[in-house]
Amino acid sequence: MQPNYHPASIEQQAQKHWETRQAFRAPDPSDDPQSDKPKYYCLSMFPYPSGKLHMGHVRNYTIGDVLSRYHRMKGCNVMQPMGWDAFGLPAENAALANNVPPAAWTYSNIEYMKKQLKSLGLGIDWAREVTTCKPDYYRWEQWLFTRLFEKGIIYKKTASVNWDPVDNTVLANEQVIDGCGWRSGAPVEKRDIPMYFFRITGYAEELLTGLDTLDGWPEQVKTMQRNWIGKSHGCEIHFPYDMGSVGAAGVLKVYTTRPDTLMGVTYVAVAAEHPLAVRAAATTENPELSSFIEACKRGGTAEAEVAAMEKRGMDTGLFVKHPLTGEKLPVWVANYVLMGYGEGAVMAVPAHDERDFEFADKYGLPVKHVIASQELLSKWEKLTFSLEAEGIEPDHEEIGRSGMFIYLNDVLADLTAAPSDAFIASVNEFAKQLQLESPNTEYGTLVSSGKCNGMGFQEAFDTISADLQAKGLGQKRTQFRLRDWGISRQRYWGCPIPIIHCPVCGDVPVPDEQLPVKLPENVVPDGAGSPLAKMPEFYMTICPQCGKAAKRETDTMDTFVESSWYYARYASPDCTTGMVDERAKHWLPVNQYIGGIEHAILHLLYARFFHKLMRDEGLVQGDEPFTNLLTQGMVVAPTFFREDAHGRKQWINPSEVEVSTDERGRPTGATLKADGLPVHIGATEKMAKSKNNGVDPQAIIDAYGADTARLFMMFASPPEQSLEWSDAGVEGAFRFLKRVWKAVHDHVEKSPPSPPFAKGGEFASEDLSAAAKALRLQLHQTIAKVDDDMGRRKTFNTAIAANMELLNALAKFDERTPVAHSVAQEVLEAIALMLNPIVPHLCQTLWAELRPGSDMLDQPFPEADPGALVQDEIEIVIQVNGKLRGNLTVAKSADKAALEHLALAHPAVEKQLAGAVPKKIVVVPGRLINIVV
RNA sequence: GCCGGGGUGAUGGAACUGGUAGACGUGCCGGACUCAAAAUCCGGUGCCGCAAGGCGUGGGGGUUCGAGUCCCCCCCCCGGCACCA
């Protein structure tokens, strides 16, 4: 055996061996009808082919490969596929920058990245590769689109987009920087255009309740999806127009989850595009109002941007009437109310809503308290008592009408005699409570609300909605926050929407036999408008229904559509007769899905939605596509920069920087390797081009091999946490692999391989020394732990640490007897098997040395030997008042009384007690004794 | 702004179910080997203290015999917010 570890040659050999054996081809049921192995479909989110692999990819695919290889060793028939999420904006950006067609750029990126993925030694079935920009993939997306269009699940309506008035083009949210177009710099406007929508809201209820069945998903992801779907129980309320000011009959509709605060409404706010706002601008001679409404239409459509905006508004001069009291309420236009959300109008209750409060405070609108906290109620009681003491009988009816605060003012104004100090104190206390600087948004008891006074939330909800319903001015309603999914994109590099616009027949779906509608691949976009809309050879066609001249749709689909069903296509990638075939029913659902937490809501929700659409088409079985989900954290690295003469930061790659440290290893500064002059140390951030802190995985693979890259990635942190890149950590991983290599080398060179202790039958337990027994105990504890870490917990860092400890223990075990050699054989074989999912090239090679003639590919995962795990003595901890004071080694069978006795006799305990009598003794069996004095 | 997550030695992290805080790795210190260096191997390493001991998991409070872990408030960092993928 080679004395030194040379990753380059062993990795190449191992990969060649896997290739020759076709080791990772996932057999379909028809290939291997006799197989009784359970299937394990392990899916990693496919990459966008951006050019080269980044560390996030390496991490994602290594996690997937570890789980795949582990399950293979546990006896599963594993499918691990890979493909390309190949449509998207970056290809168009690259086209603008380099004048290359997006297709050519994308295909060459795929070619390079595929080579990189192969060098990582992933156990992928490449025969299942899918590429979403190829017609054999997207034709089925178009096919499903036409089905859904006919079923009415896809429909057309107008929606707002970011419009660049200089480039005459629609901008993505990320192309809007500080409210301006990224290339033109012109202020962005909202523009309404017609778009196709998926009626995902029709599945809102099922998408919500389905989450309860996903036990294998992280709770945080399910919570995010629940909040996103946002089911709420509330009330639709109609505010009749005030004829005098509006000049027309009608009602203003709002939806609220707090109908209990209805008596606290002091104004209503509408979106700039709302009919009432439009009417006010048209009918009043108020140029300020018109210009305010215009100003509201400027800016982008991103919700984060809108929410962060300063809240501004303007009185329209119009009024609506309160549905229960008939009181006139002013109608305001507000920039924080959006036409696309709900009714485009809200009822404002400043006393009990943060946003309304802020707005009312800013514009001096009245605040009317109708929900009392316990604190307020007790103060009110005190005040009533004081009123009575002053000889004033509180008029509760009047309080109900005008509200506590106004009533209180009236009472004070009417006072004839000088009030007592106690009275003034309770008035002040009450008034202070009422005028809190923040609104009370909690549920509470209704006050100043007429017949609802004293009611709690639910009773008031029921009463008020019944009253509204009786008047025909509203009713209870359940609503979702989730909106329908707009999928039209005015872009070139996407899947064409298969619709033909006929002047006679209207929107006609492209018939099956004319699919796919192929995207021309030789186009270079110029950044001004949609290229397809300028290509008559693409859009000129005839209507499939009437045969007259018609125009093809030139919009393409949101790229989220492709990634919503690729997991199903992997099961039957070569199917030419449908989206998927019978094999999808065998492979789905995905047993384990792995990808970034950034996809927690949109991608995962859309994929779940698509699965239900495909199910309803009879294409797949089951209700959910992904049984288990693992969301990996991002890869971060330190940043370094210098400032140029204009104060702009010039980011420097970590590989070009030397960090100096003090005598304790703390960083003291950094210098550029090239000139030795200092650079600034910035924050540790997600690896990104913009901060130039990316580390190229290829450089690591070239220098240390794929196994070191994989080991470091799995060791540095658990998969769900962010991973900090560290050159020293990579060195450490490499060093460990060298130690493993050397341990096996020394072992097999010492004497020829022998059967491992447990398997050989040559030796029995009685032959083992105490040290050998202890080593076997640790070995089998390690096997049990690693099995649990890889299977249940998916914490590969602790699995690796346990193997490191085991190797350290083996290094200290220096017995030279034949039985000791067979124990060492057992330990080394187990280490190779346990590490195989993580560093497969190394373990493949080591196994061949440990067991000549046998192939690692055929080995099962090791199992812990119960016989080796038996312990007769255990260590327990002694605490006094919860503080560690000593420990004891006791027989495992020791009972509670014996433990107490032993603990009290312990010298450290005697010292702490100093003669005092313990108040209480807590004994946790097998763990500790706590003596309380 | 709203929703979700995180914060533990010099450092990446461990502590899984409320039960010995800091496993394992890196760094640093010391030693062996070497003419020397690298590599490798061995030992030490939370902070304060001579020691006994005390303190210590972002900050403040609480529950408990016992809190990194549970509850309340606050600070900071990260992910998502519907046209980045």
Side-chain angles (χ1 to χ4, degrees), chain A residues 45 47-48 50 85 88-90 93 161-162 170-176 218-221 223-224 226-228 230 301-309 311 336 354-355 482-491 558-560 563 596-603 605-606 631 633-634 636 661-667 683-686 712 715-718 720-733 735-736 738-739 742 788-789 792-793 795 797-798 800-805 808 811 875-879 881-884 886-887 919-922 924 927-928 930-932:
Chain A
M45 288 182 184
Y48 177 80
S50 55
D85 188 13
L89 203 51
N93 295 341
V161 293
N162 301 309
V170 176
L171 298 176
N173 283 334
E174 75 157 8
Q175 295 173 320
V176 179
E219 214 44 62
Q220 56 153 317
V221 174
T223 304
M224 282 192 261
R226 278 189 196 104
N227 292 340
W228 185 261
T301 57
E303 188 185 295
E305 197 191 326
V306 174
M309 233 165 28
K311 281 157 202 54
Y336 68 87
E354 295 279 355
R355 223 164 39 169
L482 181 69
R483 308 197 300 265
D484 278 337
W485 175 16
I487 53 121
S488 294
R489 298 290 180 268
Q490 299 67 44
R491 296 189 203 297
D558 182 0
T559 56
F560 270 125
S563 55
I597 182 68
E598 66 272 22
H599 297 292
I601 297 176
L602 292 179
H603 162 64
L605 191 68
Y606 293 150
T631 50
M634 40 188 200
V636 299
T661 57
D662 66 10
E663 73 284 352
R664 301 189 50 183
R666 279 179 286 230
T684 296
E685 295 186 56
K686 176 176 174 170
F712 169 73
F715 183 60
S717 65
E720 312 227 275
Q721 271 177 45
S722 64
L723 180 148
E724 186 169 332
W725 185 259
S726 148
D727 291 339
V730 176
E731 285 278 357
R735 206 171 298 166
F736 174 65
K738 283 194 286 190
R739 289 190 61 206
K742 192 167 175 297
D788 187 46
D789 283 351
R792 179 182 63 92
R793 295 215 302 153
T795 52
N797 56 332
T798 52
I800 294 164
N803 274 289
M804 287 174 167
E805 285 181 79
N808 290 344
E875 191 176 272
I876 64 161
V877 162
I878 305 173
Q879 296 181 337
N881 287 334
K883 284 204 169 76
L884 175 70
N887 47 43
K919 266 193 218 154
K920 187 175 174 182
I921 301 179
V922 181
V924 182
R927 276 202 187 270
L928 59 73
N930 188 14
I931 299 161
V932 187

Mind checking [X] for me? I need base, sugar-phosphate or nothing, with any heavy atom below 4.0 Å counting as a touch.
X: A:Ser717; value: sugar-phosphate
X: A:His599; value: base
X: A:Ile931; value: nothing
X: A:Gly230; value: nothing
X: A:Gln490; value: base
X: A:Gly729; value: nothing
X: A:Val176; value: nothing
X: A:Gln879; value: base

Look at the side chain of A:Ala716 and decide which nucleotide, out of B:A82, B:G12, B:C24, has an atom nearest to it. B:G12

May I ask you to decide if A:Val922's main-chain N or O and A:Asn930's side chain share a donor-acceptor pair within less than 3.5 Å? no

Using Watson-Crick geometry (N1-N3 plus N6-O4 or O6-N4) or G-U wobble (N1-O2, O6-N3), each under 3.5 Å, B:U45 is paired with B:G27

If I pick the C1' atom on B:C55 and the same atom on B:U8, what distance separates them, to the nearest angstrom? 15 Å

Looking only at atom P, what distance separates B:G9 and B:G58, rounded to whole Å? 7 Å

In terms of the nearest nucleotide of RNA chain B, which residue is placed more toward the 5' end: A:Ala733 or A:Asp788? A:Asp788

Checking A:Asp789 against A:Thr798: is there a side-chain donor and acceptor pair closer than 3.5 Å? yes

